[in-house]
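All ligand and atom numbering here is 1-based and tracks the order in the structure. Quick note: numbers below take in every heavy atom, side chains included, and nothing from hydrogens, waters or symmetry partners. Sequence positions, counted from 1, serve as the residue numbers for this chain.
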Amino acid sequence: MSNLLSNSQIVELSQTLHQARAKAQEIEPLTKTYQDFDLAEAYKIQSDGIELRLKEGEKVIGYKMGFTSKAKMEQMGLHQPIFGVLTDKMQVENKGSFPLKNRIHPKTEPEIYFVTQRDLRGTISPDEALAACAQIGVALEILDSRFKGFKYFTLPDVIADNASSAFFVLGDSVKPPFNLDLTNLKIAMHQDGETLFAAASSAIMGNPLLSLCELVALLHERGQSLPKGSIVLAGAATQAVELHSGKLMSAELEKIGRVEFSVQG
Ligand code: OOG
Ligand code: MG
């Protein structure tokens, strides 16, 4: 790790983000008010922030990938895959309601998710990734950046902010044996039944399984593996949209099913 930040600065920044989330108060991007830092330091701020949540009783249950499709890269102006950590407290029930109270500026986006049934480490192929899946399903991720106006411009900022993670809803899924071509499934997001965005699953790195491989590689770079039983969000295939009170948000993934939640004011 390089030394742009001291350990105490890393701790301070993770606490600043933790407080911003707890109080639902947006802050300026860290690199704007503070100073530049690198990707390794950004992941350290992220994991210190997760430690703060674990101390409050939360449990890590998986990971989410970000910027794995062109639509997302272009929406946010950043072009390299990143990951964030998912905890049990972030999960919202399928068909449940999501209150806007105590949120900053939440958005939702359609995702494909995996649940793994064996530990994964190092460099793996899409076939190995598929063989390690116990479930493949459709999800809606609910993002809520801690940064002003949902704008941050740099990868270190968004990585430190746990890749804008806030909540996620897991919907229908299928179990092995998988008779699916994962590169060619239609995925669409709707608001009150009206389609907002649709894409092919190949929008995610050409094959969403490559996003799972990329996560395992990114974890390996940090000396970590992906434990069996992890939930993994592969990254949105389309842009994200803002949430509005009273709306029913849903996503459909061809051959797999549906996920939905309603937004409460
Ligand atoms: C960062 C998170 C990106 C995805 O699916 O690409 C992400 C953001 O959009 O602020 O979750
Ligand atoms: Mg996402």
Spell out, yes or no, whether Val259 and Val241 are grouped together once hydrophobic residues are joined by side-chain heavy atoms under 4.5 Å, including indirect joins.
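Same hydrophobic cluster.
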Does His18 use its side chain to pair, donor to acceptor, with the backbone of Arg53 at less than 3.5 Å?
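No: the side chain of His18 does not pair with the backbone of Arg53.
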When you measure from the side chain of Glu28 to the backbone N and O of Phe147, does any donor-acceptor pair fall under 3.5 Å?
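Side chain of Glu28 to backbone of Phe147, a donor-acceptor pair under 3.5 Å: no, none is there.
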[X] with [Y]: basic N within carboxylate O range, under 4.0 Å:
X      : Y      : result
Lys186 : Glu254 : no
Glu109 : Lys72  : yes
Arg258 : Glu260 : yes
Arg103 : Asp144 : no
Lys247 : Asp192 : yes

On the ring face of Phe83, is Lys64 found with NZ or CZ under 6.0 Å from the centre and within 45° of the axis?
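Lys64 over Phe83 ring: no.
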Do any nitrogen or oxygen atoms of ligand 1 lie under 3.5 Å from a protein nitrogen or oxygen, and which ones?
unit_1, atom_1, unit_2, atom_2, d
ligand 1, 5 (O), Glu109, OE2, 2.8
ligand 1, 5 (O), Glu111, OE2, 3.1
ligand 1, 5 (O), Ala236, N, 2.8
ligand 1, 6 (O), Phe67, N, 2.8
ligand 1, 9 (O), Lys72, NZ, 2.7
ligand 1, 10 (O), Tyr152, OH, 2.6
ligand 1, 10 (O), Ser164, OG, 2.7
ligand 1, 11 (O), Lys64, NZ, 2.9
ligand 1, 11 (O), Glu109, OE2, 3.0
ligand 1, 11 (O), Glu141, OE1, 3.1

Using a strict cut-off of 2.8 Å, how many protein N/O/S atoms surround the Mg ion (ligand 2)?
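Atoms of protein N, O or S type lying less than 2.8 Å from the Mg ion (ligand 2) total 3.
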